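The structure under discussion appears below in the form of structure tokens.
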Number of protein chains: 2
Amino acid sequence: MKKIGELSKVTGCSVQTIRHYEKEHLIASAERSEGNFRLYDESAVERLLFIKHCRSLDLSLPEIRQLLALNRSPGSQCDDVNRMMDRHIEQVETRIQELTKLNEQLRMLRRSCTNRRTVEQCGILRNLSATSVSIG
Amino acid sequence: MKKIGELSKVTGCSVQTIRHYEKEHLIASAERSEGNFRLYDESAVERLLFIKHCRSLDLSLPEIRQLLALNRSPGSQCDDVNRMMDRHIEQVETRIQELTKLNEQLRMLRRSCTNRRTVEQCGILRNLSATSVSIG
DNA sequence: TATAAACTCTATAATAACAATAGAGTCAAC
DNA sequence: GTTGACTCTATTGTTATTATAGAGTTTATA
């Protein structure tokens, strides 16, 4: 049985994060030692790695909770999993589009000022001051 | 002179947001009426639109504060403005790359499950459980 | 055996940029 | 005078952690 520090090392999740996941019911309340220290077995390692993998895909803690719940009822249809993934992918793609557009605007704005001008002549500040959002 | 509700309508910033900007010193403390209501003139409108424009470019409030400070010393070089913009553009582009990679992983994961399977057979959950992050 | 180092515990606050609410006060019109 | 629309301050909530504070536990060393 591992104490929380060792679990942290093995999984790469910080100690506070593990405690946080427990509070959020993503992992079960751990057994305690005589001195009230949390004790974990291998299943805790697996579960944490599952959560970590999900987090690396930007899934939210409630989304992960849902996946874990589905995992516990292995006979049910997995349409729910698919729907969640589809929605998540859509969100990510929307954000990519937004950022791409943003990047174009920023680059255009950046081109409006060369170094060594004074602030007074700075095209960036002038354009930011313009009421219209379009920069041309 | 406008009260905060009218300023909100004109600029499209919410009332709370305007008060928040005041607390964060992005706009000056407004004059007050006899009844302690905030009163604004046209310069407040311009300033808020400047801030709004910056926010639409995902500039942080501290970054905006810096731009506003530079704006007040019109004789100084605007290298600082350029540096900030370059750094910001870099951040946005990094985030786009991250999300693009994430999107590929999510799509690959999504393909590992067709509807109408049971959770037990679900490739998504199986892959998320795999220790390795790579999905193949 | 004493004590120091390293670890753990709970609880609370901070992060970013607001949104939402509570409870109270102001102002105009009817 | 009272209703409704507005405003005020102060506090809490949002997300997923991170960072404390202050206390207790365990292990290693002197």
Side-chain angles (χ1 to χ4, degrees), chain A residues 1-27 29-40 44 47-68 87-88 91-92 95 98-99 102, chain B residues 1-27 29-40 44 47-48 50-68 84 87-88 91-92 95 98-99 102:
Chain A
M1 299 292 270
K2 301 180 205 322
K3 281 188 287 186
I4 197 167
E6 202 185 336
L7 182 63
S8 168
K9 250 180 225 153
V10 172
T11 61
C13 300
S14 78
V15 167
Q16 302 101 301
T17 296
I18 295 171
R19 288 198 278 244
H20 180 64
Y21 287 168
E22 179 181 317
K23 201 187 297 178
E24 295 288 319
H25 302 294
L26 291 172
I27 56 180
S29 296
E31 282 180 62
R32 297 299 179 109
S33 71
E34 272 189 34
N36 199 32
F37 286 8
R38 289 174 178 82
L39 296 175
Y40 299 96
R47 196 169 178 98
L48 259 186
L49 290 176
F50 179 92
I51 294 171
K52 201 185 171 196
H53 191 173
C54 291
R55 286 295 299 136
S56 79
L57 296 170
D58 256 9
L59 292 165
S60 68
L61 299 194
E63 282 171 332
I64 296 170
R65 203 165 17 229
Q66 194 183 337
L67 285 179
L68 289 166
R87 194 170 54 237
H88 189 68
Q91 280 172 14
V92 170
R95 188 64 185 147
E98 285 170 2
L99 285 178
L102 188 58
Chain B
M1 299 291 270
K2 302 180 203 323
K3 282 187 285 181
I4 198 168
E6 202 184 337
L7 182 62
S8 169
K9 248 179 226 155
V10 171
T11 61
C13 300
S14 78
V15 168
Q16 300 104 300
T17 296
I18 296 171
R19 288 198 278 244
H20 181 63
Y21 288 167
E22 180 181 316
K23 201 186 298 178
E24 296 289 319
H25 302 293
L26 291 172
I27 56 181
S29 296
E31 282 180 62
R32 298 298 179 110
S33 69
E34 270 189 37
N36 200 31
F37 287 7
R38 290 174 177 83
L39 295 177
Y40 298 96
R47 195 167 178 100
L48 259 185
F50 179 91
I51 295 171
K52 201 186 171 194
H53 192 174
C54 292
R55 287 294 301 134
S56 79
L57 296 170
D58 256 9
L59 291 166
S60 68
L61 299 195
E63 282 173 331
I64 296 170
R65 202 163 18 226
Q66 192 183 338
L67 285 179
L68 288 166
M84 177 196 297
R87 196 171 52 237
H88 189 68
Q91 281 172 15
V92 170
R95 188 64 186 146
E98 286 170 2
L99 285 178
L102 188 59

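This is a predicted model, so every value here is computed, not measured. Letters go in sequence order (proteins before strands), and every chain restarts at 1.
Counting only distance, with no hydrogens or angles, the side chain of A/His88 and the backbone of A/Leu57 share a donor-acceptor pair below 3.5 Å. Of the possible polar contacts, none joining the A/Arg47 side chain to the A/Leu68 backbone as a donor-acceptor pair under 3.5 Å is found. Looking at B/Lys52, its side chain does come within 3.5 Å of a backbone N or O of B/Thr11 through a donor-acceptor pair.
Phosphate proximity of C/dA17 to B/Tyr21: absent, as no side-chain N or O sits under 4.0 Å from OP1 or OP2. In this model, the phosphate group of D/dT9 is approached by a side-chain N or O of B/Arg32 to a distance below 4.0 Å at OP1 or OP2.
The listed nucleotides are D/dC8, D/dT11, C/dT8; the one nearest the side chain of B/Lys23 is D/dT11.
A straight line from CG of A/Leu39 to P of D/dT26 spans 10 Å, rounded to a whole angstrom. Distance A/Arg38 CZ to C/dT8 P: 10 Å, rounded to the nearest Å. Remark: P of C/dC18 and CZ of B/Arg55 are 4 Å apart, rounded to the nearest angstrom. Spacing between atom CZ of B/Arg19 and atom C1' of D/dA10 amounts to 11 Å, rounded to whole angstrom units. Rounded to an integer number of Å, the gap from B/Phe37 CZ to D/dA5 P is 15 Å. Atom CD of B/Glu22 and atom P of D/dA10 are 12 Å apart (whole Å). In this entry the distance linking CD of A/Gln16 with C1' of C/dC9 reads 12 Å, nearest Å. Residue A/Ile18 contributes atom CD1, which lies 12 Å from atom C1' of C/dT8 at whole-angstrom precision.
The bend of the helix from C/dT1-D/dA30 to C/dC30-D/dG1, defined by the angle between the axes of its first five and last five pairs, stands at 40° to the nearest 10°.
Partner of A/Ile51 under the side chain to side chain contact (heavy atoms under 4.5 Å, CB included) criterion, chosen from A/Leu59, A/Ile27, A/Ile18: A/Ile27.
When each of A/Ser14 and B/Val15 is assigned the nucleotide of DNA chain D bearing its nearest heavy atom, the one mapping closer to the 5' terminus is B/Val15. Position along DNA chain C of the nearest nucleotide to B/Thr17 versus A/Gly35 favours A/Gly35 as the more 5'-ward residue. In terms of position on DNA chain C, the residue among A/Gly5 and B/Glu34 whose nearest nucleotide sits closer to the 5' end is A/Gly5.
Counting non-hydrogen atoms of neighbouring residues, nucleotides and ligands closer than 6.0 angstrom, the CD atom of B/Glu31 reaches no more than 12 such neighbours.
Salt-bridge formation is detected for the pair B/Arg95/B/Glu98: a Lys NZ or Arg NE/NH1/NH2 atom is positioned less than 4.0 Å from an Asp or Glu carboxylate oxygen. A salt bridge is absent between A/Arg19 and A/Glu22: the closest approach of a Lys/Arg side-chain nitrogen to an acidic carboxylate oxygen does not fall below 4.0 angstrom.
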